[in-house]
Chemist: 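Here's a structure for you.
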Amino acid sequence: MREKIVLIDGHSILNRAFYGVPDLTNSEGLHTNAIYGFLNILFKILDEEKPEYLTVTFDVHAPTFRHEMYAEYKGTRKPMAEELRQQVPVIKEVLRAMDVEIIEKAGLEADDLLGTISRICEEKGMDVAIISGDRDTLQLATEHVKIRIPKTKQGRTEVEDYYASDVKEKYGVTPVEFIDVKALMGDASDNIPGVPGVGEKTATKIIMEYGNIENAYAHASELKPPRASKNLQEYWDQACMSKTLATINTHADIEFHLEAAKHGDPYTKEAHDYFQKLQFKNLLSRFDVEASSNKIESHFKEINEKDRAEKVFKEAEKASTVGAALTEDNGNVLPLFAHASGYGRLTIAYGKDKIYSIVCGPDMEMDYLFERLVHIAENVQTFSMFDLKKYLPVVKITKQENCFDATVAAYLLNPLKNDYTYEDVAREQLNLMIDEKADPMTKACYEAYTAYAAAGSLTEKMQAEGMYHLFTDIEMPLVFTLFDMEQAGIQVEAEALKFYGEQLGARIVELEKEIYEMAGETFNINSPKQLGVVLFDHMQLPNGKKTKTGYSTAADVLDKLAPDYPVVEKVLEYRQLSKLKSTYADGLAVYISSDGRIHGKFNQTITATGRISSTEPNLQNIPVRMELGRLIRKVFVPKEGCVFIDADYSQIELRILAHCSGDEQLIQAYKEARDIHRMTASQVFHTPFDEVTDLQRRNAKAVNFGIVYGISSFGLSQDLSITRKEAAQYIENYFETYPGIKRFLDDTVAHAKEEGYVVTLFGRRRPVPELKSSNFMQRNFGERVAMNAPIQGSAADIMKIAMIGVNKELKEKGLKSKLILQVHDELLIEADKEELETVQEILKRQMEQAADLDVPLIVDMHTGENWYEAK
DNA sequence: CCGATCACG
DNA sequence: ACGTACGTGATCGGG
């Protein structure tokens, strides 16, 4: 059997991966997409070829290199994108860690390295596979040298293979002739001029007939298109030079030692560490899982007998830290005695060799196991679980101080992730790989063990980053507050909701008819695509913006057309009504439980800024701005004997901005309870306070909002329908009025650029990796995020403190009233009528005293028989 | 499963 | 010249 070597064109593949794989960054903000794509291709090739030898070549004439596939320019070279450049040294380090030989030699093209090594190996009687994204390498194909060109097609990599015969088949010429074709046609991206007037078609035809340019030149007078004939003679020197440029040197002066390229086991400890750091979860699974985790797995024990379980419980109660996992048992063990909740197995860990998975059974029902778990939780120092709130309905812990939610901790350390699985935490904190295909018991043991073992390092990291108080004093108590709110739910009048939906439905049918009539055809009005075609093609309305997929039919576009085209007005009304019906009337109805209430979820680990999010259903976006939508709030009612109290912070974000920036003007204004928007208008538009018009005040309000969002003249101009220039002038005037704010925002961005993150008043961090981007737009986005996150995040912190305080005081005083909703700056309480005044006082005090700022925090409160009235 | 749209703060 | 406001979630249509 012939031995085989795989030769990889490093820069070419890295480049291809960079453009083929969507942008990825690890939590340190390092771009990793090219490295990831490169390694995927590498592993795919290794799996297929199983070669004895492997070498990766890099050419070293940074900052540019010759074969840049995606350079869409002529002559000049675009410098390598920063996001790609930073990945080059990393991939080299990763390859070295994998014991892969790298060959690079200053002044030599990667092609010349590949060509030379390929020739040497073929002469030794080996098979060669060259992996490159560059078709120039096709000239190297022979009977034993295969050129492999990876293509990314919809996320999947497919590889095109070329032996000499395949080149001939596809291009009509042999690999050697391929050089001459290129000499004639030229290549802009390689600075090969070629012969003017000769393109791919002509060049191929000439070479197919004459074999090379020399022979073609000898028969120049016979060449078919007269233009080619004339130009080949006229530009003969240029053709010869092109051929030299196009020819890969297979006798370059390099040292190549086959033994050094010997391909061994790439799954080294060092490589594992790199993959970990780069957060390549999928690729990590290629490493030998057994080796790293066998030790721990050997301590996993399943328990089915009550006396053994009892021993474990007794021992666990005395431990300082206990991790636990509650799981449904999807194995074939025994789901027979599973609880109504679905749980059938309790797994606890309190040491490296103390990991027990207890299965419920006839003499150990889940309810009993839950009780024992509560007892443990309340007797140890630290009781750790992932997503604790989820289990509180069955694990009825009252002593909150011991609890540690590892999901929440992981979220605080990096709030940008989509999820916080125990697998991720195990990998990041404990260097542990978990086999995806493991059985339910093994997984449960890992989950419990990770909860146990990661609590320490998560705590250390939170302390190191100044977030431990945020965790213990705000986030952990909040877990229980949110749980109480979910349990409480909110009562909804199903009948009224249904009626509301029917009213909407009737009007929608009418509108549908009218629109079809005006359009002269029927179509799906809910399809932006179809709507765009009908309005802008068939009806010839003047079209403005476009989206990637067609015409934009967004509300701001249609708004401009509505005055002139009645059909557009109908469409807008239709849109509004169908949104109300589908999302709110019909959408909410399915969430009403048998107790007549909706128990939505409040999520604590979703947002990048620290806000809470609401799902299933989203109760934080119930209509309020438009009257018709606002009416929905009438179906949200307090239970018998109760009223709603709705309390919202007045301009909390602007107040935080005043506090953080220390701007004297703004602070003074808030202390004197002035009308901030009016005052801003007066200053920005140079108008006496009492003469500010409504329009001026509205505009100033928009500027204030813009400041909080991380202002840009474009954004403001869009919002106010004014020119960018005018918007820029507003902003300039604003910053002149409030110099402290300008300074604060600049400092915040500078800090973010320096440190890579911004911080809220209570220590919450948000990383801003976009600031390192070479992309203008991304960087701008990063700057706005840096300005907004501390403000939005601090407001979230303060509201969380208030919620915990309100909930706690209501419970401690034995009141029946309950906190039931949070809408970012607003709390809704279902208050017992007897307790109304007490609760109002508690609510106002807890909210206004939640933080001690340089400006007062003011709360507006309303009561009502439903949410519509209370708001 | 993604993009467009639109509801909220 | 670039192409944008910050943060969410649900629904729909269309691949």
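Keep in mind that what you see is a predicted model, and the values were worked out from it rather than measured. Every chain is numbered from 1, with letters handed out A, B, ... down the list of sequences.
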Chemist: Rounded to whole Å, how long is the line connecting atom NZ of A:K701 with atom C1' of B:dG9?
Modeler: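 In whole Å, B:dG9 C1' and A:K701 NZ are 12 Å from each other.
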Chemist: Checking all strands, does A:F781 fall into the base, sugar-phosphate, or nothing category for heavy-atom contacts under 4.0 angstrom?
Modeler: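 Sugar-phosphate, no base atom in range.
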Chemist: Could you check whether A:Q530 gets within reach of a base, just the sugar-phosphate, or nothing at all, counting any heavy atom under 4.0 Å?
Modeler: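 Touches sugar-phosphate only.
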Chemist: At their closest point, which heavy atom of A:Y649 faces which heavy atom of A:L857, and how far apart are they?
Modeler: CE2-CD1, 4.3 Å
Chemist: State plainly whether the residues A:E493 and A:K634 are in salt-bridge range, i.e. N to O under 4.0 Å.
Modeler: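 No salt bridge links A:E493 with A:K634.
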Chemist: Would A:F685 and A:Y730 satisfy ring-ring contact (aromatic ring centres under 6.0 Å, His included), going step by step from the backbone distance to the final call?
Modeler: CA-CA 8 Å; A:F685 303 121; A:Y730 287 10; 4.9 Å; yes
Chemist: Under 4.0 Å, counting only non-hydrogen atoms across every strand here, what does A:N621 touch: a base, just sugar-phosphate, or nothing?
Modeler: base
Chemist: Please state how far atom CG in A:N524 lies from atom P in B:dA4, giving the value in whole angstrom units.
Modeler: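 About 17 Å, once rounded to whole Å.
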Chemist: For residues A:N704 and A:Q651, determine if any side-chain heavy atom of one lies less than 4.5 Å from a side-chain heavy atom of the other.
Modeler: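 Side-chain contact under 4.5 Å: no.
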Chemist: Report the distance from atom NZ of A:K579 to atom C1' of B:dC8, rounded to the nearest whole Å.
Modeler: 10 Å
Chemist: When the P atoms of B:dA4 and C:dT4 are considered, how many whole Å apart are they?
Modeler: 11 Å
Chemist: Round to the nearest Å and state the distance from A:I606 atom CD1 to B:dC8 atom P.
Modeler: 21 Å
Chemist: B:dG9 P sits how many Å from A:D646 CG, rounded?
Modeler: 10 Å
Chemist: Which heavy atom of A:H599 sits nearest a heavy atom of A:E486, and at what distance?
Modeler: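 Of all heavy-atom pairs spanning A:H599 and A:E486, the closest is ND1-O, 2.9 Å.
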Chemist: Please state how far atom NZ in A:K871 lies from atom P in B:dA7, giving the value in whole angstrom units.
Modeler: 17 Å
Chemist: Hey, do the aromatic rings of A:Y734 and A:Y738 have their centres closer than 6.0 Å?
Modeler: yes
Chemist: Within the structure shown, what part of the strands sits under 4.0 Å from A:R766 by heavy-atom distance: base, sugar-phosphate, or nothing?
Modeler: sugar-phosphate
Chemist: Under 4.0 angstrom, heavy atoms only, what part of the nucleic acid is A:Q792 near: base, sugar-phosphate, or nothing?
Modeler: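 Here A:Q792 touches the bases of the nucleic acid.
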Chemist: NA contact type, A:V708, heavy-atom cut-off 4.0 Å: base, sugar-phosphate, or nothing?
Modeler: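 Nothing, no heavy atom under 4.0 Å.
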Chemist: Centre-to-centre under 6.0 Å for A:F636 and A:Y868, is that the case here?
Modeler: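 Centroid distance A:F636-A:Y868: not below 6.0 Å, so no.
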Chemist: In whole angstrom, give the distance that lies between atom CG of A:N704 and atom P of B:dG9.
Modeler: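 These atoms are roughly 17 Å apart.
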Chemist: Could you give the CD-to-P distance, from A:Q620 to B:dA7, as a whole number of Å?
Modeler: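 These atoms are roughly 17 Å apart.
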Chemist: Please find the pair of heavy atoms, one from A:I652 and one from A:A795, that lie closest to each other, and give the distance.
Modeler: CG2-CB, 4.1 Å
Chemist: Checking all strands, does A:A608 fall into the base, sugar-phosphate, or nothing category for heavy-atom contacts under 4.0 angstrom?
Modeler: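 Counting heavy atoms under 4.0 Å across all strands, the contact made by A:A608 is with sugar-phosphate only.
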Chemist: At 4.0 Å (heavy atoms only), tell me whether A:D719 reaches a base, stays on the sugar-phosphate, or touches nothing.
Modeler: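 Base contact.
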Chemist: Using a cut-off of strictly less than 4.0 Å, decide whether A:R611 has a side-chain nitrogen or oxygen near OP1 or OP2 of B:dG9.
Modeler: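 False: A:R611 side-chain N/O out of range (4.0 Å or more) of B:dG9 OP1/OP2.
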Chemist: Contact class for A:A702 (heavy atom, under 4.0 Å): base, sugar-phosphate, or nothing?
Modeler: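 Result for A:A702 = base.
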Chemist: Measuring to OP1 and OP2 of B:dT5, would you say a side-chain N or O of A:T553 lies under 4.0 angstrom away?
Modeler: yes
Chemist: Pick out which of A:Q604, A:E475, A:Q822 makes a side-chain hydrogen bond (donor to acceptor under 3.5 Å, both in side chains) with A:K800.
Modeler: A:E475
Chemist: First and last nucleotide of DNA chain C in contact with chain A, 5' to 3', at under 4.0 Å to a heavy atom: what are they?
Modeler: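 Span of nucleotides near chain A: C:dC2 to C:dG15.
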Chemist: Contact class for A:A789 vs. all strands (heavy atom < 4.0 Å): base, sugar-phosphate, or nothing?
Modeler: nothing
Chemist: DNA chain C in dot-bracket, Watson-Crick or G-U pairs under 3.5 Å, [ ] crossing, | other strand?
Modeler: .....|||||||||.
Chemist: Taking any heavy-atom pair under 4.0 Å as a contact, classify A:I622: base, sugar-phosphate, or nothing.
Modeler: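 Here A:I622 touches the backbone only, sparing every base.
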Chemist: Regarding A:E653, tell me which of base, sugar-phosphate or nothing describes its non-hydrogen contacts under 4.0 Å with the strands shown.
Modeler: nothing
Chemist: Rounded to whole angstrom, note down the P distance from C:dA5 over to B:dT5.
Modeler: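 Rounded to whole Å, the distance is 13 Å.
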Chemist: Any salt bridge linking A:E82 with A:R85? Criterion: basic side-chain nitrogen under 4.0 Å from a carboxylate oxygen.
Modeler: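 Yes.
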Chemist: Taking any heavy-atom pair under 4.0 Å as a contact, classify A:T615: base, sugar-phosphate, or nothing.
Modeler: sugar-phosphate
Chemist: If the test is side-chain hydrogen bond (donor to acceptor under 3.5 Å, both in side chains), which one of A:R779, A:H31, A:E83 qualifies with A:S773?
Modeler: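 Result for side-chain hydrogen bond (donor to acceptor under 3.5 Å, both in side chains) with A:S773: A:E83.
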Chemist: For a quick check of understanding: with a heavy-atom distance under 4.0 Å over all strands, which category does A:L716 fall into, base, sugar-phosphate or nothing?
Modeler: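 Since a base atom lies under 4.0 Å of A:L716, the category is base.
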